[in-house]
Amino acid sequence: MNAPAHLPPDRGAQAREAHRVTLIGAVIDLTVGLLKIVAGWVVGSAALIADGIHSFSDLVTDGFVMAATHFGRQAPDSDHPYGHGRIETLATLWLGSVLIFVAGGIAWASLTRLLAGEPIPAPGLWAIGVAVFSLAAKEWIFRYTMVVARRIRSRLLEANAWHSRSDALSTGVVLVGLVAAQLGAGWVDAVAAIIVGIMVGQVGWRLLWESGRELIDTALPENDQVQMKAIAEAVPGVDSVHDLRTRSVGSHVVLDLHIVVPPRLTVSEAHEIGNAVSRQLRNAYPELADVTFHIDPEDDSDQIEHSLRPGLPLRQDVESMLDEAWQDCPVWQDRVALDLHYLAEQIDVSVYVSELPPQQSLEDAAQELRQASHELTWLGRLRVWQGPGKG
């Protein structure tokens with residue numbers, strides 16, 4: 001029974017969902033960012049101010065994410081036949097760079113303050129309350145954004161969710177520093193701010209690393225490739241699969257593979273087997289945006305690329321050479337069809353006739369043709385058939 005057809009994702013609906021969750025996150029970032037900076041300024045907490053700046057960096061990237069998901073989810077066009085997914089990749093690179101820049105500024109300012117030994121007063125319970133509220137809000141938007149990111153398979157949105165999670169984690173560190181300062185250990189506030197900077201920098205580096213790997217067309221994880229190969233080889237009519245290659249384009253995946261089928265299938269049957277493989281793979285991996293398959297009549301994975309080898313003659317030249325070699329053979333002159341199979345660096349030839357010459361069997365006719373063409377080095381298996389499809 002055929003697998004259900006794979007329906008392409010609704011890019012417009014995905015973009016709208018990404019915009020909605022990002023806009024909600026932007027409102028939260030604006031609110032908690034203002035609260036942190038105001039509270040940090042009033043009580044003199046470098047860690048709380050640094051955390052507020054981190055929240056505002058989230059606000060800036062929220063706007064960038066909205067733009068990137070809008071343009072990155074547009075359908076392919078003549079200039080971008082693989083789609084616009086790399087826009088999301090570039091946006092993720094930018095997001096990682098911003099995080100590293102912010103992390104460096106936070107850590108440097110806090111380290112300077114710590115070494116200078118500036119006195120840090122107790123922040124008060126209301127500043128601690130601001131940190132608790134901010135932590136809860138950022139953790140909630142992280143979880144909400146991650147759910148949407150996985151549903152629409154957006155790596156950029158997932159990166160933005162982790163950006164929010166980094167803010168929640170850093171706020172947790174700041175909260176520890178505020179409580180310590182309230183208890184008289186003011187230096188903990190500066191140490192907490194440095195830790196925040198390191199954490200933010202780690203997130204930024206991870207985003208840069210993953211996006212960079214995508215830009216140089218890094219393949220999917222090995223277990224995914226093994227699973228894809230197993231799915232393809234389970235399709236009836238597939239002998240084996242080789243040269244399976246994958247790469248990511250934004251939130252989508254591009255796949256190409258070579259499918260080995262029985263060598264004497266018709267072109268249309270072999271192509272339909274390839275279509276069945278493509279359908280099965282798309283059903284198993286909905287993120288597949290483009291599947292390109294190459295049909296092989298034999299496994300040539302350990303050989304030099306065909307285009308780099310001397311080629312065999314094509315049908316027009318084959319018929320011309322056979323005409324010259326077999327011009328005196330009645331079975332050739334009375335042929336009704338000719339099949340060519342390019343296998344093992346030779347051409348197998350099947351000649352079809354409606355009737356055989358008197359007193360001549362199929363084997364006699366084939367032997368006559370073999371003897372007349374012994375100089376054709378490219379000629380492989382030779383068979384004569386009476387009537388197309390009848391032996």
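These numbers come from a predicted model, not from an experiment.
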| task | Just jot down the side chain to side chain contact (heavy atoms under 4.5 Å, CB included) partners of Pro263, sequence neighbours excluded, or say none. | result | Pro297, Leu343
| Should Gln386 and Tyr352 count as side-chain neighbours, where that means a heavy-atom distance under 4.5 Å? | no
| query | With Glu319, which residues qualify under side chain to side chain donor-acceptor pair (under 3.5 Å), at least two apart? | reply | none
| said: Can you see whether Ser350 engages Asp348 through a side-chain donor-acceptor pair at a distance of less than 3.5 angstrom? | reply: no
| request: Report, as yes or no, whether the 6.0 Å neighbourhood of atom CH2 on Trp378 holds more than 12 heavy atoms from other residues, nucleotides or ligands. | output: yes
| query | Which residues satisfy the side chain to side chain contact (heavy atoms under 4.5 Å, CB included) test with Ala365, sequence neighbours excluded? | reply | Val331, Leu356, Gln360, Val384
| message | Using the salt bridge (Lys or Arg N to Asp or Glu O under 4.0 Å) criterion, which residues pair with Glu324? Sequence neighbours excluded. | response | none
| query | Looking only at heavy atoms, which two atoms of Trp385 and Leu362 are closest? And how far apart? | reply | C-CD2, 4.1 Å
| Does Val27 offer a backbone N or O that forms a donor-acceptor pair with the side chain of Thr31 under 3.5 Å? | yes
| remark: In short, Arg264 meets Arg381 closest at the heavy-atom pair NH2-NH1, 3.6 Å
| Rounded to the nearest 0.5 Å, how far does CH2 of Trp205 lie from OG of Ser97? | 10.5 Å
| message | According to ring pair (Phe, Tyr, Trp, His ring centres under 6.0 Å), who are the partners of Phe293, at least two apart in sequence or on a separate chain? | response | His271
| Cluster check Leu288, Ile259: I/L/V/M/F/W/Y, side chain < 4.5 angstrom | yes
| query | How close do Gln346 and Gly380 get, heavy atom to heavy atom, and via which atoms? | reply | OE1-CA, 3.6 Å
| task | Verify the cluster assignment for Leu244 and Ile295: are they in a single hydrophobic cluster under the rule of side-chain heavy atoms below 4.5 Å apart? | result | yes
| note | For Asp339 and Arg315, the nearest pair of non-hydrogen atoms, with its separation, is CA-NH2, 4.3 Å
| said: Just so I know, are the side chains of Asp290 and Val253 near enough to count as touching, which here means a heavy-atom distance under 4.5 Å? | reply: no
Going by atom type alone, with no hydrogens or angles, which donor-acceptor pairs under 3.5 Å involve a side-chain atom of residues 223-242 and a protein atom two or more places apart or on another chain?
residue : atom : partner : partner atom : Å
Gln225  : NE2  : Leu220  : O            : 2.8
Lys229  : NZ   : Glu233  : OE2          : 2.8
Glu233  : OE2  : Val241  : N            : 3.0
His242  : NE2  : Asp296  : OD2          : 2.8
His242  : NE2  : Asp300  : OD1          : 3.4

| Can you tell me if Tyr342 uses its side chain to pair, donor with acceptor, with the backbone of Pro313 under 3.5 Å? | yes
| task | Mind listing the closest non-hydrogen atom pair of Cys329 and Leu369 along with its distance? | result | CB-CD2, 3.8 Å
| field | Distance (rounded to the nearest 0.5 Å) between Thr145 OG1 and Trp140 CH2 | value | 8.0 Å
| query | What residues, two or more places apart in sequence or in another chain, satisfy salt bridge (Lys or Arg N to Asp or Glu O under 4.0 Å) together with Glu345? | reply | Arg309
| message | Are the side chains of Asp323 and Ser320 in contact, using a 4.5 Å heavy-atom criterion? | response | no
| said: Using the salt bridge (Lys or Arg N to Asp or Glu O under 4.0 Å) criterion, which residues pair with Arg245? Sequence neighbours excluded. | reply: Asp256
| Rounded distance [0.5 Å steps], CG in Leu379 versus CG in Leu322 | 7.0 Å
| All pairs passing salt bridge (Lys or Arg N to Asp or Glu O under 4.0 Å) where residues 190-199 contributes a residue, at least two apart | none
| Residues which pass side chain to side chain contact (heavy atoms under 4.5 Å, CB included) with Ser361, listed by chain and number, not counting sequence neighbours | Glu363, Asp364
| query | Quick check: does any side chain N or O of Arg383 sit under 3.5 Å from a backbone N or O of Val349, one acting as donor and the other as acceptor? | reply | no
| Test ring pair (Phe, Tyr, Trp, His ring centres under 6.0 Å) applied to Phe133 - qualifying residues, sequence neighbours left out | none
| request: Determine the minimum heavy-atom distance between Arg335 and Val353, stating which atoms define it. | output: CA-CG1, 3.9 Å
| request: Kindly compute the distance separating CG (Asn283) from CZ (Arg279), expressed to the nearest 0.5 Å. | output: 9.0 Å
| message | Taking the side chain as everything from C-beta on, heavy atoms only, tell me whether Ile141 gets closer than 4.5 Å to Ile24. | response | yes
| message | Just to verify, what does Leu30 make a side chain to side chain contact (heavy atoms under 4.5 Å, CB included) with, not counting sequence neighbours? | response | Leu34, Phe56, Leu59
